[in-house]
Each structure stands twice: as structure tokens, then as C-alpha cells.
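We count ligands from 1, going down the list as the structure has it; atoms in each ligand are counted the same way. Note that the structure is predicted; figures quoted are calculated from it, not measured.
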Amino acid sequence: MNETTGLKEECGVFGMYDLDGGNVSRSIYYGLEALQHRGQESCGIAVSDTSGPKGRVRSYRGLGLLSEVFKPSKIDELTGNIGIGHVRYSTSGSLNVNNAQPLVLNYLKGSLALAHNGNLVNALELREEMENTGAIFHTSIDSEVIAYCIAQERVKAPSIETAVKKACGRIRGAYAIVLMSPRKLIGVRDPYGIRPLCIGKRDNTWVMASEDCALHSIGAKFVRDVKPGEIVTVNSDGELTSQFLDEVVEPSKQAHCIFEYIYFARLDSCIDGIDVYDARIRGGAALAKTYPVDADIVAGVPDSGLAAAMGYAQASGIPYAIVFNKNSYVGRTFIKPSQDERESSVKIKLSVIGSVVRGKRVVIVDDSIVRGTTIANLIRTLKHCGATEVHVRISSPPFLHPCYFGVDVPSNQQLIASRHSMEQIREMIGADSLGYMPISELQSMVGDLPICRACFNNEYPIDVPDHEIRDLLDD
Ligand code: SF4
């Protein structure tokens with residue numbers, strides 16, 4: 001979760017297949033640790049031994065961070081040379097250990113384990129269709145709908161890849177999936193490429209991950225991104241094969257989530273050929289060009305405002321400064337029960353370095369404003385510490401619309417920008433000036449990469465259900 005705004009991450013997926021037969025659970029743990037920023041509410045690992053009895057899957061899931069869920073002895077119990085893992089923030093389905101992933105299914109053809117990042121827009125209708133034919137769901141997450149679709153198709157299909165292809169023809173929405181069958185590791189990405197997924201290799205081990213920072217954390221080399229609409233399969237001969245879904249979206253219509261670059265992805269990741277750090281620097285530079293100001297220092301709100309602040313400083317010529325000290329040992333804010341408590345814990349977590357701001361005109365850069373209360377607290381503290389002016393620059397346009405593709409943007413009632421003008425927001429948060437990234441400048445962050453920016457402009461790349469249906473999908 002964004003400490004100052006309340007935006008919540010999505011999920012992270014990871015998969016590994018060691019063709020030499022080595023255990024993969026420890027590496028999966030470290031890979032997931034590198035993806036922990038994408039979800040902190042639950043996590044899980046499922047492994048299998050490709051030379052053992054077909055369909056014997058060992059798995060463990062729990063609520064909390066990886067370090068809280070997996071004690072070393074637990075990881076050692078998970079023996080096997082093929083496996084997948086997941087870290088989750090609950091974008092659909094409630095916080096409940098049953099909803100933790102990977103999901104493991106035992107069915108007619110053996111076993112299937114699946115981990116998914118994203119959100120479907122037709123999950124409800126598929127779920128009802130299956131329930132009407134007798135299916136019993138154990139979770140409230142979209143991922144179970146996908147797993148059942150695949151299992152249903154697999155009964156008729158000659159291979160798991162064909163079943164995945166058929167199942168993906170039935171689901172609509174955003175998905176990056178890693179899937180483990182008894183002898184194969186499969187990765188698939190939706191036709192629009194909304195959520196990221198990449199492939200890596202370490203010696204004779206294939207790896208798939210939401211971001212390449214997870215590959216590097218286990219010493220694997222980046223091979224390539226999975227393409228939008230592509231299914232990649234690693235088989236027991238160690239070959240990586242590729243095929244495409246029937247639904248083809250022309251490259252210019254693809255819709256990579258711009259928020260991966262603004263906020264979600266880790267600063268050292270590179271997604272679809274665009275370095276996240278560079279994208280944020282370019283975003284900050286675009287802000288400096290659009291909203292210049294006379295000031296003495298520029299600072300970013302940790303962590304995702306830091307690179308954009310650097311970009312603003314470089315483009316404006318105003319010196320970059322470290323203004324906030326972050327106490328990393330304060331408990332995670334999302335478990336605090338009320339908004340007030342959440343905000344006070346943000347204040348404890350971020351303190352202002354008084355000597356840096358005293359007598360200075362300060363520009364602070366953050367990635368977004370949702371409710372506005374926390375940035376207002378930071379501005380008050382900056383002024384209390386002696387800043388003479390505080391100018392706020394936001395490296396995303398105002399959120400005005402919900403995300404249906406796996407990001408938990410607060411509802412319209414909670415979004416300050418949906419109810420107030422820019423000038424009103426400036427006044428409410430106590431800033432001397434305020435500037436949001438214009439929608440027209442978002443593209444400059446990522447060059448030619450086609451992007452989704454629907455939460456800013458209401459132009460969804462995929463038809464979405466009306467709000468009533470969406471409310472039913474949410475719980
Ligand atoms: Fe990303 Fe916004 Fe599109 Fe959701 S609506 S996928 S958060 S750009």
C-alpha cells in the first residue's frame with residue numbers, strides 16, 4: 001500500500017522449473033520476497049516433484065508477509081523441482097486464508113496449481129454458469145474461476161497448453177498467470193498485456209515472474225517478457241515453447257498499466273523494455289515542464305515519489321534534497337483498523353528532517369493523492385519545521401475512475417479529486433501550489449508503449465460491467 005495515499009498493490013506471481021531436479025522452494029521464497037511490494041496480505045508456495053508420483057503437490061499458504069508465514073523448516077518441507085508462488089493483496093475476494101494462492105486443484109487429469117495477478121471482468125457470470133452445473137467454489141477469488149475453466153477444458157483437450165488456450169478464450173480481463181501441471185510450467189498473459197510477466201533462466205532452471213527484480217534476486221538472467229496474449233510452456237525436456245491466444249489485439253490497442261511505472265513496480269525493474277526508474281525520472285521531468293515553480297529544494301515522498309522528484313530536480317535545476325526520514329520498523333499501516341490510526345502511523349513512519357527544510361521553499365513530489373488527509377499532515381509538519389512554502393507535485397493525473405483490472409483504487413466517494421476542484425484540493429491540503437501530471441504527458445514516461453490510463457480518463461481497454469455488477473464482484 002502507498003503509505004501516504006492508500007492505494008493498494010495487486011499481486012505478484014513467480015514460477016520455477018529446475019530440469020536438473022533441484023529443490024526450488026527456497027528460490028521461490030526469495031523470488032517472492034523481491035515481489036513483496038506487490039502484495040503483503042497473504043502468500044503461498046506450491047511445489048511438486050516431476051520425477052515423483054504425478055499430481056503430488058506440496059503447498060503452504062498463509063496470511064501475512066513471507067517472513068511471517070514461512071519459517072525455514074516450513075520451506076524445507078516443500079520439496080520438489082517445479083513450483084509456483086504468489087503474494088497477494090485482495091483486489092477481489094476478502095482477506096481470508098482460503099483466498100490465498102497458489103490454488104491447488106485435484107481433478108480427473110491429475111493436479112493443477114495456479115497463481116494469478118489481475119482481475120477478470122466476467123468472473124461473476126462464469127462463476128454463476130459453473131455453479132448452475134454443480135460446481136462448488138471454495139474461495140471468492142477470480143483465480144478459482146480461471147482454474148475451473150482450465151480444468152474443465154483439460155478434460156477434453158489433448159494437452160494442458162490447449163486447455164489453457166481454450167480457457168483463456170472464455171475469460172475476459174487482466175491476467176498474468178503462472179500454472180504448474182505435473183510436468184509443465186506455464187505462463188500466460190492477457191491479450192492487452194495489462195499485467196506484467198517475464199521469463200528468466202538460471203543454469204538449467206526456467207523462471208517466470210511478475211517483475212525481473214525477482215529474477216535477479218535469485219541469480220537468474222532475464223530472457224524476455226511474455227508477450228500480450230502469449231502462452232509459454234516449459235516441458236520436461238527443458239524446451240520453452242510459445243503459442244498465442246485466439247483473441248489477438250493489435251499492438252497499438254494493447255494496454256499496459258501505466259500505474260506499474262508510476263507506482264506499483266519496483267524501482268529496479270524493467271517491464272516491457274521500459275526501465276521503471278527511467279520512466280519515473282521522465283514523469284518528474286514532465287511535471288517540472290508543466291508546473292514550474294521558484295523553489296529552493298525538491299524532495300520525494302518515500303518511496304515511489306523519490307525518482308519522480310529526482311526527475312523534477314534535474315529538469316528544473318532546483319537541487320534535490322532528502323527531506324523525509326522513513327522509519328522502516330513501524331508496523332504495516334494496512335492492519336490499523338481506522339483511517340485516523342492509519343494516518344497517525346504514517347506520521348510516525350515519515351518524519352521531516354528539520355535542518356533541511358528550515359527557511360526553504362520546498363517542492364514535494366508524491367505519486368498520487370487519494371483522500372488528501374495524509375499529504376495535508378506532511379505539509380503541516382514541513383511548515384511546522386520551518387519550510388516557508390510547500391509546493392506539491394503529483395506524478396500521476398487525478399484518480400477519477402475505478403480500476404477493474406486488479407488495482408484497488410478507492411471508491412469515488414473517497415477520491416478527493418472526484419468531488420473537488422484543483423484549487424479546492426490545494427486549499428484543503430494547505431499547499432502553496434499544486435500540480436498533477438497531465439494525462440497527455442503520461443505517454444512521455446514510456447515512449448511508444450501503448451498504455452491503459454482508464455482510472456484517469458474512463459477509457460477502458462476492455463468493456464467493463466456496470467457498477468452494480470462490479471459491486472457484487474467486490475466484497
Ligand atoms: Fe492501471 Fe489504472 Fe488501467 Fe487499472 S485502470 S490497469 S490502475 S492504468
Completion exercise
Short version for Arg195: what comes under 4.0 Å of ligand 1, heavy atoms counted, is side chain

Handout entry: Minimum side-chain heavy-atom gap Leu378-Phe324 below 4.5 Å
Key = yes

Exercise for the section: Scan residues 443-462 for pairs that pass salt bridge (charged side-chain N to carboxylate O under 4.0 Å, His left out), counting only residues two or more places apart or in two chains. Expected result: none

Practice task
Identify which protein N/O/S atoms are less than 2.8 Å from atom 2 (Fe) of ligand 1.
Solution key: Cys455 SG

Practice task
Scan residues 219-232 for pairs that pass side-chain hydrogen bond (donor to acceptor under 3.5 Å, both in side chains), counting only residues two or more places apart or in two chains.
Solution key: Arg224-Glu230, Glu230-Ser242

Problem - Pair Tyr192 + Tyr460: ring centers closer than 6.0 Å - result: no

Problem - SB check Arg280 Asp367 (cutoff 4.0 Å) - result: no

Exercise for the section: Name all pairs fulfilling the salt bridge (charged side-chain N to carboxylate O under 4.0 Å, His left out) condition that reach into residues 165-181, sequence neighbours left out, sorted by first residue then second. Expected result: Glu153-Arg170, Lys165-Asp246

